[in-house]
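As a basis for the values below, the full set of heavy atoms in this structure was taken, side chains included, without hydrogen atoms, waters or symmetry mates. To find a chain, count down the sequence lines: A is the first, B the second, and so on, and within it residues start at 1. Here the structure is a predicted model, which means the values were calculated and not measured.
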Amino acid sequence: MLVFVDSYKHKDKHKDKEHRHKDHKKDKERERLKHNSDHRDSDKKHRDKEKLKHKDGSDKPRDKDKYKDKERRKEEKSLDVKIKKEKENGFASPPCIKSEPENDFYHSPKPLKREHDVDDSEFKPKKIKTENDKVDKKAKKRRPEEDYEDIKPKKKTKDKKGDVPDGKKKAKKEPEEKWKWWEEERYTDGVKWRFLEHKGPVFAPPYEPIPGNVRFYYDGKQMKLSPEAEEVATFFAKMLDHEYTTKDIFRKNFFKDWRKEMTPEEKAKITDLSKCNFTEMSVYFKAQSEARKQMSKDEKLKIKEENERVLQEYGFCVMDNHKERIANFRIEPPGLFRGRGDHPKMGMLKRRIRPEDVIVNCSKDSKHPKPPPGTKWKEVRHDNKVTWLVSWNENIQGSIKYIMLNPSSRIKGEKDWQKYETARRLKKCVDRIRNQYREDWKSKEMRIRQRAVALYFIDKLALRAGNEKEEGETADTVGCCSLRVEHINLYPEKDGQEFVVEFDFLGKDSIRYYNKVPVEKRVYKNVQLFMENKQPEDDLFDRLNTSILNKHLQELMDGLTAKVFRTYNASITLQQQLKELTNPDENVPAKILSYNRANRAVAILCNHQRAPPKTFEKSMQTLQTKIDAKKDQLSDARRELKSAKADAKVRRDEKSKRAVEAKKKAVERIEEQLMKLEVQATDREENKQIALGTSKLNYLDPRISVAWCKKWEIPVEKIYNKTQQAGEGSKLCSENTLQDEPQGKTDQGYLSWKDWLCEGSFQMWIILAEVKALAS
DNA sequence: GGACTTACTTAGCAGGGACACA
DNA sequence: TGTGTCCCTGCTAAGTAAGTCC
């Protein structure tokens, strides 16, 4: 498979199509990634040969029983045959996977019977464990215990050198006991918790009117606005420098909603947004922001302490026996809606959320959160089949917003774990599914053909499912099932390749997906058929939607949805790329560059992009200057070494010998420094428009990364972000955390997918969860 | 529609470099 | 050479929009 996504932030739909090919550096990088990222095409030349040999044979019809027999036989075939077959399909997986014993692959968490599954009415919390509490391995059930008031919050900020109290320093040396939630029994029947207590949300501060000397002008004349109208005006003023305020839809929506907040007098007077002058307001807010930056240390510290206090009070909840961090305990403040892409609702007023709008979810027997004085909650609910703590309706899309737990929580961790387990199960049957959809390309029924081709695209290109969207409510974006004829171009031959499909559409967040992919002839012919007699705005897959597709996938494998293919292909691509790119002879920075390149291959596959940082060019320039300076330094050092050597040759004494050694060391040190700088420059350049974070946190099974780190003795914290190198992070990612590393290392000197993902290695989960928690 | 995950942007902070001075 | 301070830059994490799936 060739995954080669050329995509940009889509500001003007097709305008820059030609321009994008001009960036040679980027093209070069893509070429490299194109070569490197193709996990199912690692030996392209060979595969192409194979393809030429077998491309017709694979399409021969066969009856169902024959197919089943063949499937059975296929399971028994040798590794070589398997690889050959995979290559024919264009989906060659790492060879080590084939040798896995089949029964080892399924390790889905089996929900065990719980003590409280039947009747939870009597459930009372007794003692809350922090993450540091010891786990009673003999009794791993989530038992209610007493006295949870004494729980001390986990200190979030790491202590700087010298600030650490002696006791703490000492404590750091001792291995910390973690709450091993993955060793506990899981709830059944959709129950998410038995006990939930929290303090409710933190509301946005009330509006503070701007000072009298900050004026608003309409049509050149000063005008005092009512507090309601003034507040909304400040939202606009704060965004004055932003591109949003130049957009017609934004301005139109803002003005419409602003007028709703005006008094009748204001409404009568203010009729044209272009006559409004918000400059003084804008200047005032900029000055305020500047003043915040200029605050004294003490003032900043005070604010920090206050934030910390709020965090400690509202940022944690007690779920079952454990204190858990809440992700977003602050309710979104009012403001102007910033939809992405060409969102028809951008600029609309996001109203202020009040206690009367809020539904609080907690357990009956908990201490219910109190609404602010003089107010009341919309509702207090006790629904333990959901994970949210607080919800409210937002007014822009009419959807519900939630306050939920941090990724470090048990509830999120379990979900994450299940996600990767499902992806692992897909590994087991992906060949069968691929053969099935290949067969379906020949179906007499159009709906089946469409389903099969769509699934092929989802699998091959890691496309999203593509739900239907309400027209006019959101930006016009699509996924696989919602592709339209206008998003596809077909080329019988392009750039020396046959049967090329060109995709050009806006995906999630209005990020452009542009890709030219050579496909199998049958796919090509099918797409041609689907496009026949259709208008550009017609659906490509008119007999398909995501629920039909997912229903079909569910029949193929329990829990299988379109999304699982993305997770599976992302994780397996990482593993393949790590194997391919890691050079055992290279040093740590070079290996980390290899990891980032593997990560990048996944990000490209998933089309995870970012806007190039504003300071990118400048920072590259700075780095280049450093490199140049280092090069000069190196040639100086080499010259000095040469002269020291000559000197030593003449003098032949100990002193000059020592001088030569010292110069040698200096050269080595500078060489290493130069290498590090060059690696950094390469990494940064390659990462200009690619976002690694999303794939790292959401698609890559952390066990693969940790296995790789262990294999090559790379500190885990080098992979899961820099801030964790010091303080808590290094502890979390220490050897202790990885104590139950699985046994089987492969001949390739690399832990295989299966090897790492065996039962008992769930420690990895807590690493991911805690790394995420640290980031909070 | 509801619940949940995935996604990108950006404010603010941490940390490193430059410089002064002991 | 070590230490302290300031400033700049890159990175992180909060914030919240936009997906998926049931």
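- Remark: P of C:dG10 and CZ of A:Arg684 are 5 Å apart, rounded to the nearest angstrom.
- Contact annotation: A:Thr387 side-chain N/O to B:dC4 OP1/OP2 distance is under 4.0 Å.
- Phosphate contact (OP1/OP2 of C:dA18, side-chain N/O of A:Thr474, threshold under 4.0 Å): absent.
- Checked against A:Thr477 for a side-chain hydrogen bond (donor to acceptor under 3.5 Å, both in side chains), the options A:Lys508, A:Arg464, A:Lys469 give a single hit: A:Lys469.
- Residues A:Val380 and A:Cys362 form a side-chain contact, since some pair of their non-hydrogen atoms from C-beta on lies under 4.5 Å apart.
- For B:dT10, the OP1/OP2 oxygens have a side-chain nitrogen or oxygen of A:His242 closer than 4.0 Å.
- Nucleotides of DNA chain C nearest to A:Lys469 and A:Met620 differ in position, and the one nearer the 5' end is that of A:Met620.
- Among the atoms of the strands shown, only primed sugar atoms or phosphate atoms (P, OP1, OP2) are found under 4.0 Å from some heavy atom of A:Gly507.
- Because its NZ or CZ atom is both nearer than 6.0 Å to the ring centre of A:Tyr244 and within 45° of the ring axis, A:Lys247 counts as a cation-pi partner of that residue.
- For A:Tyr314 and A:Phe329, the ring centers sit 6.0 Å or farther from each other.
- A close approach under 4.0 Å does not occur between any side-chain nitrogen or oxygen of A:Ser391 and OP1 or OP2 of B:dG2.
- A:Glu685 places its CD atom 14 Å from the P atom of C:dG10, with the value rounded to the nearest Å.
- Side-chain N/O atoms of A:Lys401 include none lying less than 4.0 angstrom from OP1 or OP2 on C:dT16.
- For the OP1/OP2 pair of B:dT6 and a distance below 4.0 Å, the side-chain nitrogens and oxygens of A:His608 include no atom meeting the criterion.
- In this structure, A:Tyr699 has its ring center under 6.0 Å from that of A:His608.
- Look at A:Lys350 and A:Glu332 and you find a salt bridge, because one of the NZ, NE, NH1 or NH2 atoms lies within 4.0 Å of a carboxylate O, short of that distance.
- Within residues 332-340 of chain A, the residues that place at least one heavy atom under 4.0 Å from DNA chain C are, in residue-number order, A:Glu332, A:Pro333, A:Phe337, A:Arg338, A:Gly339, A:Arg340.
- At least one cation-pi condition fails for A:Lys345 and A:Phe337: the charged atom is not both under 6.0 angstrom from the six-membered ring centre and inside a 45 degree cone around its axis.
- Close to C:dT20, at under 4.0 Å from its OP1 or OP2, lies no side-chain N or O of A:Lys419.
- When rounded to the nearest whole Å, the span between CD of A:Gln689 and P of B:dT9 equals 11 Å.
- OP1 or OP2 of B:dA7 sits under 4.0 Å from a side-chain N or O of A:Tyr699.
- For the pair A:Gly398 and A:Lys508, nearest-nucleotide mapping onto DNA chain B gives the more 5' position to A:Gly398.
- Look at A:Gln397 and you won't find any side-chain N or O under 4.0 angstrom from OP1 or OP2 of C:dA17.
- The side chain of A:Thr694 places an N or O atom within less than 4.0 Å of a non-bridging phosphate oxygen (OP1 or OP2) of B:dC8.
- The six-membered or imidazole ring of A:Phe503 lies near that of A:Phe457, with a centre-to-centre distance under 6.0 Å.
- Here C:dC6 presents its C1' atom at 11 Å from NZ of A:Lys300, a figure rounded to the nearest Å.
- The CG atom of A:Leu389 sits 14 Å away from the C1' atom of B:dA3 (whole-angstrom rounding).
- Between A:Arg330 atom CZ and C:dA13 atom P the separation is 16 Å, expressed in whole Å.
- A residue-by-residue look at A:Thr477 and A:Phe329 shows that A:Phe329 has its nearest nucleotide of DNA chain C further toward the 5' end.
- Comparing atom distances between the A:Trp388 side chain and each of B:dT5, B:dC4, C:dG19 picks out B:dC4 as nearest.
- Heavy atoms of A:Ser289 sit nowhere under 4.0 angstrom from any nucleic acid atom.
- Atoms OH (A:Tyr402) and P (C:dG15) sit 20 Å apart, rounded to a whole Å.
- Neither OP1 nor OP2 of B:dT5 sits under 4.0 Å from any side-chain N or O of A:Arg566.
- Residue A:Lys350 places at least one side-chain N or O under 4.0 Å from the OP1 or OP2 atom of C:dA17.
- Distances shorter than 4.0 Å separate none of the side-chain N or O atoms of A:Lys563 from OP1 or OP2 on C:dG19.
- Contact annotation for A:Ala475: no contact, since no heavy-atom pair falls under 4.0 Å across all strands.
- Dashed line: the shortest gap from a side-chain N or O of A:Asn467 to OP1 or OP2 of C:dG19 is not under 4.0 Å.
- Rounded to a whole Å, the CD atom of A:Gln418 is 10 Å from the P atom of B:dT5.
- Salt-bridge check for A:Lys238 with A:Glu231: failed, with every basic side-chain N at 4.0 Å or more from each acidic carboxylate O.
- A residue-by-residue look at A:Val386 and A:Ala691 shows that A:Val386 has its nearest nucleotide of DNA chain B further toward the 5' end.
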